[in-house]
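The sequence lines fix the lettering, A, B, ..., with proteins before strands; numbering per chain opens at 1.
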Amino acid sequence: MPAGVVKASLPVCQSAAMCEPEEVSQQVWSTWILEAIRKIRSQKQRPSVERICHAIRQHHNYHEDVVAEHLEAAVKEGSVLKVFNKGQSSYKDPGGMQSRTLKIEKGLDLTKVVTKAVRELGERDGSSLKSIEKYIRQSHTVEETAENDLKGALRMAVKRAVSRNFILQDGKTFKYNYNQHNPALRKKQEASKRLSGSCEDFNNLPKCLKIERK
DNA sequence: TCGTGCGCACCTG
DNA sequence: CAGGTGCGCACGA
């Protein structure tokens, strides 16, 4: 934890156009960050911390660390969603998907949702029920009632997900079970379940299905 | 070199 | 099978 927050991290105001005379609120930062993310995504690239910093610094003259700080704050605040994908962190606009409504009802099974949340959170030491809940609230519009609230549903779902081996419990936290969800393994498991294999060759076909386009 | 654009492979639902 | 994601590379300024 780097301490000195009150360091001289002021922008190098050489050009007036580069400087914001206003007191840049966290809300403004979130806007900038979301803009950056949109831009990067439109370039089909990963919105990583580095790229987001870079994109913002093209318009605002702040030190990278300052940008990174505000990015973190935005994540905490919930205006930016941090996800773990393909081995690295990415950031996305929650608004893009919050149209997804999650209506908590009696029979509803949140196993899949929980599993996905744990995977996308990608926390090294596992994710607590708390952070899972937070993540789901950020990525969905949750409709709940006093009898059927998200937290309760999650408790059940987590339990089921663990027993189904979708996720692994480690004390108070949960981790994604990459073995259970490994595509290759899954194929084999499914195959050996249904048929009793002699079609391994069949699954082994190369990509000779290349279709000429254009 | 730097910013942008994009084909395509890869996942996941 | 559809839709999202991002690597790797090519292209123009």
With sequence neighbours excluded, tell me which residues meet salt bridge (charged side-chain N to carboxylate O under 4.0 Å, His left out) with A:Lys82. none

Between A:Thr141 and A:Leu102, is a side chain to side chain contact (heavy atoms under 4.5 Å, CB included) present by the stated rule, with each step listed? CA-CA 6 Å; A:Thr141 299; A:Leu102 200 55; over 6 Å; no

Contact under 4.0 Å: A:His54 side-chain N or O vs B:dC2 OP1/OP2: no

For nucleotides 11-13 of chain C, give me every protein contact, N/O to N/O, under 3.5 Å, one pair per line with atom names.
none

How many Å lie between OH on A:Tyr178 and C1' on B:dC10, as a whole number? 14 Å

For residues 84-94 of chain A, tabulate all N or O donor-acceptor pairs below 3.5 Å that involve a side-chain atom, not counting sequence neighbours.
from    : atom 1 : to      : atom 2 : distance (Å)
A:Ser90 : OG     : A:Arg46 : NH1    : 3.2
A:Asp93 : OD1    : A:Gly95 : N      : 2.8

Show every ring pair (Phe, Tyr, Trp, His ring centres under 6.0 Å) that has at least one partner inside residues 103-139 of chain A, sequence neighbours left out. none

Nearest-nucleotide check on DNA chain B, A:Arg119 vs A:Ser42; residue mapping nearer the 5' end is A:Ser42

I need the full list of side chain to side chain donor-acceptor pair (under 3.5 Å) pairs touching residues 34-45 of chain A, with sequence neighbours left out, sorted by first then second residue. A:Lys39-A:Gln58, A:Gln45-A:Arg51

So, A:Ser25 versus A:Gln27: side-chain donor-acceptor pair below 3.5 Å or not? no

Assess the residue pair A:Glu144 and A:Arg137 against the criterion (side chain to side chain contact (heavy atoms under 4.5 Å, CB included)); give the C-alpha distance rounded to whole Å, side-chain angles, the decisive distance to 0.1 Å, and a yes or no. CA-CA 11 Å; A:Glu144 56 192 330; A:Arg137 286 191 188 283; 2.9 Å; yes

Looking only at heavy atoms, what is the nearest atom pair of A:Thr173 and A:Asp125, with distance? OG1-O, 3.0 Å

To the nearest Å, give me how far apart NZ (A:Lys39) and C1' (B:dT4) are. 9 Å

From NZ of A:Lys112 across to C1' of B:dC11 the rounded distance in Å is 15 Å

5' to 3', nucleotides 3-8 of chain C under a 4.0 Å protein heavy-atom cut-off (B base, S sugar-phosphate only, - none) gives --BBBB

